[in-house]
Amino acid sequence: MKNILCKTGEFIQRIIIKNILLFITVGFIQWLVPYYPPFSLLSLIFTKYAVPLSIGYTTGNYIDEKHGGISGIIGTSLIISTGDTRNILEVILISFLVSYTVKFFKEKILIKVVPGFEMFAINFFVPATSILYYFIFLKIIPYINIFFKEGTDIFLKIGNEIWGVAILTVIIEICKIFFINNFINHGFLAVMGYKELLLDGKSLFFLLETNPGPGLGILLALYFLSKNKRKNMFSSIIIEFFGGIHEIYFSYVLKNLKLISAVILGGLAGNIFFYYFNVSLSGVPSPGSVILITLLSSGSRIILLTGILLSSMVSFGTAYMLLTYEKQRDKNKTTEETFFIKETENIETEIVVLCNGGMGSSHIGSTILKKTIDKYKIENVKAYSSFIGDNIKNHSFIITHNNLKNKVQKIYPKNIVVGLEDYTDYNFYDELIKKYFILEESKKNNDKCEEKIKINLNLKSMSKEESVNFLGKDFNFDSSFQIGENFLIVPKRENVFSDKITLNQYPYGIKESEVFLVIGICTQNDEIYNRFIEKIYEISQDKNLISELEISDDEEDFIKTLELNKIFKEGEKNA
């Protein structure tokens, strides 16, 4: 039940986000109607036709890219014919039912029953189904209207009571810091606000989540108390207040959960002020920038800005006191991750920064990442942002917040997923790029011994034969042998005269085996070969060393543990 509710919420959220520009446009038109009366006709066109049809198309397109969009439009037209298009949830439901029915019959029945006549059958079935739905919905839509009307009316009534505003504010501020802000805003508040907008021309629902005051107060307190992080904090303040990306401050609150009280008190101060002074907006401010909020104000902008300032002052004061009297201050740290990206010359690597909505914090993270990639002039590495649930290539590398990491890993089990604490942490992206995509200075200055050593870590599991072939053409599968349960040694082929050792680590082992380290030895020096084999035998008896190597993501661990430099130098010296 929990999964169904979560998936339903995310589905509605994505549809609203896809159409957010339309909602903002409606807000501006509604705001301009008193000043320019001819816009009243334009407002009717948008609210009765453009918005519901676009919602219907987006809903259907998510169900089936080929025929779903058209099916969604047909389903939405049924609602338009009833004359009530104010409830967005009803539009989504009807469009979903029509497009899903078309997809189900197309994939499960038509293609199997009438092979060779699929196009004819589909082109006949879609209109026929829609007409049939029309007569069905003529009977049931009145009851659906009653259901949604009663439900939305209850929430609208709650939002117009002071106690309701207070309760909603507490719930919203707590949910926001756990990155549920996009679902709250686009999946619920925007829907309620849009209906109230069509009834009254404005709505307080549009302000309950988007008010940047509470987040601004938190960031200002951190700015004054964290001298060593002021550069990052200043950019975060600009992004939060003027950019409207509230996810910026969530990670700071999560690091110190006492700050939840600061954002709750700040949110209560601002929203109750808005309620008493009848402050509301004429559209969805997405993102929640103070500039967009001010432009969409349906009343006095001075009173609106006063409410935002009040909420930021309350949040700042509370956070400042909490942080001042705390014994342990927040420390700027980057979580260490066990991951590795194999350097490639020709394969293009995609790095995807993910958040729930794909519009705010992830977009900022990908922008910083792109600048870092450009700074180091790295080719074949591309970065972009997206939302959780989007189609992502299996080989892509994913960055997301630590709180979302487990969820993301379940959705994308074949991808490498790395968590971070702050999407604006420049050091995180810099260290990531330096460590895994470019040669560090220490590597550049390696001696000739290390030039003969190649190490590939965190490789995906494969068969024994595939793992040997992966070493390269210089190694002989037929001569391979195991040392202990965990090491597979593969000598060179005849007539191969290069000197090199290649180590490939498979943390989950190669298939049908306990082997996690496949080692290719290519050398003409018997001294080097014998000393290396002796070292592998020695390590195979030490369970602690085996466990460390099995999960290590640091090349230096292998070089030091196997004494590779020492073996090469002494072997060449004694040759």
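- Side-chain contact between T169 and Y275 is absent, with no heavy atoms from C-beta onward closer than 4.5 Å.
- The heavy-atom pair separating V91 from G56 by the smallest distance is CG1-N, 4.1 Å.
- With S282 contributing its side chain and L296 its backbone, the two residues share a donor-acceptor pair below 3.5 Å.
- Sorted by first then second residue, the ring pair (Phe, Tyr, Trp, His ring centres under 6.0 Å) pairs that include residues 276-311, not counting sequence neighbours, are F273-F277.
- Shortest non-hydrogen contact noted between T76 and P52 is CG2-O, 3.1 Å.
- Counting only residues at least two apart or on different chains, the salt bridge (Lys or Arg N to Asp or Glu O under 4.0 Å) pairs with a member in residues 55-64 are D64-K106.
- Here the CZ-CD1 distance, from F96 to I63, works out to 4.5 Å after rounding to the nearest 0.5 Å.
- Residue-environment remark: OH (Y57) stays at or below the threshold of 12 foreign heavy atoms within 6.0 Å.
- In this structure T372 satisfies the side chain to side chain contact (heavy atoms under 4.5 Å, CB included) test together with I368, Y376, Y429, D430, I433, sequence neighbours excluded.
- Under the rule for a side chain to side chain contact (heavy atoms under 4.5 Å, CB included), the partners of T400 that lie at least two apart in sequence or sit in another chain are L354, L404, K405, V408, V417, Y423.
- Between Y249 and V263 the shortest side-chain heavy-atom distance falls below 4.5 Å.
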(message) Quick one, V290 with L216, criterion side-chain contact (heavy atoms from CB on, under 4.5 Å). Give me CA distance, side-chain angles, the key distance, then yes/no.
(response) CA-CA 11 Å; V290 68; L216 176 64; over 6 Å; no
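- T101 contributes atom OG1, which lies 6.0 Å from atom CG of L97 (distance to the nearest 0.5 angstrom).
- Pairing each heavy atom of G266 with each of V314, the nearest pair is N-CG1, 3.9 Å.
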Taking it one step at a time, do N278 and I303 satisfy side-chain contact (heavy atoms from CB on, under 4.5 Å)? CA-CA 9 Å; N278 197 27; I303 295 178; over 6 Å; no
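- Residue L219 comes nearest to I237 through the heavy atom pair CB-CG1, 3.6 Å, listed as atom of the first residue, atom of the second, then distance.
- Residues F205 and L281 form no side-chain contact, since every pair of their non-hydrogen atoms from C-beta on lies 4.5 Å or further apart.
- With sequence neighbours excluded, no residue satisfies side-chain hydrogen bond (donor to acceptor under 3.5 Å, both in side chains) with S99.
- The shortest non-hydrogen separation linking V381 to I351 is CG1-CD1, 3.7 Å.
- For the pair S54 (side chain) and A50 (backbone), a donor-acceptor distance under 3.5 Å is absent.
- Once rounded to the nearest 0.5 Å, the distance linking CD1 of I373 with NZ of K382 reads 8.5 Å.
- Every ring-ring contact (aromatic ring centres under 6.0 Å, His included) that Y320 has, sequence neighbours left out, goes to F316.
- Residues satisfying the side chain to side chain contact (heavy atoms under 4.5 Å, CB included) criterion with S298, sequence neighbours excluded, are K202, S280.
- Listed by chain and number, the residues in a side-chain hydrogen bond (donor to acceptor under 3.5 Å, both in side chains) with S315 amount to none (sequence neighbours excluded).
- P214 and G267 get closest at one heavy-atom pair: CG-N, 3.6 Å.
- With sequence neighbours left out, S311 forms a side-chain hydrogen bond (donor to acceptor under 3.5 Å, both in side chains) with N211.
- For the atom pair CD1 of I94 and CD1 of I74, the computed distance is 14.0 Å after rounding to the nearest 0.5 Å.
- Under the side-chain hydrogen bond (donor to acceptor under 3.5 Å, both in side chains) criterion, S297 pairs with no residue, sequence neighbours left out.
- Residues that satisfy the side chain to side chain contact (heavy atoms under 4.5 Å, CB included) test with K18, not counting sequence neighbours, are T58, Y62.
- Other residues, nucleotides and ligands place more than 12 heavy atoms under 6.0 Å from the CG atom of L257.
- Rounding to the nearest 0.5 Å gives a distance of 6.0 Å between OG1 of T59 and CD1 of I55.
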(request) Under the side-chain contact (heavy atoms from CB on, under 4.5 Å) rule, what do L204 and N271 come out as? Steps first, then yes or no, please. (result) CA-CA 9 Å; L204 175 61; N271 291 342; 5.6 Å; no
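- For Y384, there are no ring-ring contact (aromatic ring centres under 6.0 Å, His included) partners two or more places apart in sequence or in a different chain.
- In this structure, I167 CD1 and L268 CG are separated by 10.5 Å, a value rounded to the nearest 0.5 Å.
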Does L53 form a side-chain contact (heavy atoms from CB on, under 4.5 Å) with S77? I'd like the steps, not just the answer.
CA-CA 7 Å; L53 286 172; S77 301; 4.0 Å; yes
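- The closest side-chain heavy-atom distance from V51 to T25 is not below 4.5 Å.
- Although no hydrogens or angles enter the test, the distance criterion places a donor-acceptor pair under 3.5 Å between the side chain of S261 and the main chain of K258.
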